[in-house]
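Quick notes on the structure that follows.
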Amino acid sequence: MQIALVPLLTDNYGYLLHDSTSGETGIVDPSEAAPVLAAAGERGWRLTHILNTHHHHDHTGGNLALKQATGAAIVGPAPDRTRIPGIDLALDEDETFRLGDAAAEILFIPGHTRGHIAFHFRGEKAVFCGDTLFSLGCGRMFEGTAPMMWASLDKLRRLPAETRIYCGHEYTAANARFAVSIDPANEALRRRESAVAALRGRGEPTIPSTMGEECAANPFLRADDPGLAAAIGLPDAPASEVFGEIRRRKDNFR
Ligand SMILES: [Zn+2]
């Protein structure tokens, strides 16, 4: 399966997925239609599927126009079926979505929204996780609690270390600034911060990173690290509480 990143709106990313055997082509989280059609057209790919990780408009705004233009089928989270425009196929945890020869396991990862899912293409070593896990960060908890979001991140961090993480936004540089502020002694984080600055300096995306890199550097995946818990004044607290405190600090970080 070929994967092509498509910049959308100001800082969203959609991802074109193409299975060359069947010719099937998906777009993950199309904020808008025109750039997606252009990116697919440049490659000679014809859109057959629209994949939504969650209902937010900046992930589904292109659904109906793309469906009208191409006849593509819209695939999204079953718990959010009433909030996904034009949904044709609603998927639950542990179901499998197939794009030609490529198969994605559906992971239910609520917290940012209550119906959020990820598409994990195990054979392709790739996960599309929307606004739950970002590079060096995580999404805001609009519809969930800290224990819920922590459980979702914990589910994601158990994926193989080489898994490439395709998230919904280019937030990595701002996330790095916050991460360093609460975990300044983390060498892996410092190295990633430098790499991110270099990429952004050249105007390049920081996506994808890998799960191994995120587990080492992303403070939201390290809430059960005793050193980090102690550093934020919560030694011996449950990981979900440490996670909640880190998320609260990020919400207030300028
Ligand atoms: Zn969102």
Side-chain angles (χ1 to χ4, degrees), residues 11-12 28-29 51-60 76-84 87 90-95 105-120 127-159 163 165-169 171-172 174-179 181-183 189 209 211 214-254:
D11 54 28
N12 279 77
V28 179
D29 286 351
L51 287 65
N52 295 138
T53 60
H54 66 295
H55 72 87
H56 284 159
H57 187 72
D58 63 323
H59 296 251
T60 60
D80 268 348
R81 55 163 64 80
T82 59
R83 301 196 285 180
I84 302 283
I87 191 166
L91 294 168
D92 271 312
E93 170 99 326
D94 292 336
E95 288 193 275
E105 302 153 28
I106 303 305
L107 306 176
F108 182 50
I109 49 169
H112 176 68
T113 65
R114 63 177 183 269
H116 204 302
I117 58 171
F119 295 85
H120 177 219
V127 67
F128 298 86
C129 54
D131 289 355
T132 299
L133 175 64
F134 293 128
S135 184
L136 300 181
C138 75
R140 286 178 186 261
M141 297 181 290
F142 288 118
E143 301 177 10
T145 62
M148 183 189 285
M149 189 73 163
W150 170 248
S152 294
L153 292 172
D154 185 47
K155 188 183 288 186
L156 288 171
R157 75 177 178 163
R158 291 166 194 276
L159 300 181
T163 308
I165 300 166
Y166 293 92
C167 59
H169 290 270
Y171 287 163
T172 319
N175 287 341
R177 263 196 320 120
F178 170 74
S181 79
I182 66 157
D183 197 10
L189 171 57
S209 58
M211 196 60 77
E214 293 303 322
C215 286
N218 186 329
F220 295 101
L221 297 183
R222 290 171 27 77
D224 56 353
D225 180 273
L228 188 56
I232 65 164
L234 290 172
D236 306 319
S240 61
E241 190 181 327
V242 175
F243 167 77
E245 173 62 14
I246 300 171
R247 185 60 256 180
R248 193 187 63 76
R249 291 188 186 195
K250 175 69 166 69
D251 289 343
N252 297 315
F253 186 73
R254 293 289 175 267

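In what follows, residues are counted from 1 in the order of the sequence shown.
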His112 side chain to Arg140 backbone, donor-acceptor under 3.5 Å = yes
Heavy-atom pair with the smallest gap, counting every atom of His55 and Ile84 | CA-CD1, 3.7 Å
Looking only at heavy atoms, the pair that brings Cys167 and Leu133 closest together is CB-O, 3.2 Å
Taking the six-membered ring for Trp, are Tyr171 and His169 parallel (under 30°), tilted (30 to 60°) or perpendicular (over 60°)?
-> parallel
About how many Å separate CG of Asn218 and SG of Cys138, when rounded to the nearest 0.5 Å?
-> 7.0 Å
Closest non-hydrogen contact found for Asn175 with Leu136 is CB-O, 3.4 Å
CG-CG distance between Leu91 and Leu107, expressed to the nearest 0.5 angstrom = 11.5 Å
Taking all non-hydrogen atoms of both residues into account, name the closest pair between Ser152 and Pro110 and its distance.
-> OG-O, 2.7 Å
CD1 of Ile109 to CG of Leu156: how many Å apart, nearest 0.5 Å?
-> 4.5 Å
Gap separating the CD atom of Glu105 from the CG atom of Leu159, nearest 0.5 angstrom = 8.0 Å
Quick one: does Ile106's side chain get under 4.5 Å of Phe119's, heavy atoms only?
-> yes
So which heavy atom on His56 is nearest to which on Asp131, and how close?
-> ND1-OD2, 4.5 Å
Whether His54 and His59 hold their rings parallel, tilted or perpendicular, with breakpoints at 30° and 60° = tilted
Can you label the angle between the Phe178 ring and the Phe253 ring as parallel, tilted or perpendicular, going by 30° and 60°?
-> perpendicular
Side-chain heavy atoms of Met149 within contact of Arg247, under 4.5 Å | no
Of all residues at least two apart in sequence or in a different chain, which pass the salt bridge (Lys or Arg N to Asp or Glu O under 4.0 Å) check with Glu93?
-> Lys155
Test log, rule side-chain contact (heavy atoms from CB on, under 4.5 Å), inputs Glu245 and Arg249 = CA-CA 6 Å; Glu245 173 62 14; Arg249 291 188 186 195; 2.8 Å; yes
Spacing of Ser240 atom OG and Leu153 atom CG [to the nearest 0.5 Å] = 11.5 Å
Kindly assign one of parallel, tilted or perpendicular to the pair Trp150 and Phe243, based on the angle between their ring planes and the thresholds 30° and 60°.
-> tilted
Residues which pass salt bridge (Lys or Arg N to Asp or Glu O under 4.0 Å) with Arg83, listed by chain and number, not counting sequence neighbours = Asp80, Glu143
With the side chain counted from C-beta on, respond yes when Phe220 and Ile246 share a heavy-atom pair under 4.5 Å apart, and no when they do not.
-> yes
Do any N or O atoms from the side chain of Arg222 and from the backbone of Asp183 form a donor-acceptor pair under 3.5 angstrom?
-> no
Passes salt bridge (charged side-chain N to carboxylate O under 4.0 Å, His left out), Asp251 versus Arg248? Steps please.
-> CA-CA 5 Å; Asp251 289 343; Arg248 193 187 63 76; over 6 Å; no
Does the side chain of Asn52 come under 3.5 Å of the side chain of Thr60 through a donor N or O and an acceptor N or O?
-> no
Roughly how far apart are Cys129 SG and Asp29 CG, rounded to 0.5 Å?
-> 10.0 Å
Scanning both residues in full, the closest heavy-atom pair of Ser209 with Glu214 reads OG-OE2, 2.7 Å
If you count the non-hydrogen atoms of other residues, nucleotides and ligands that lie under 6.0 Å from CZ in Arg81, is the total more than 12?
-> no
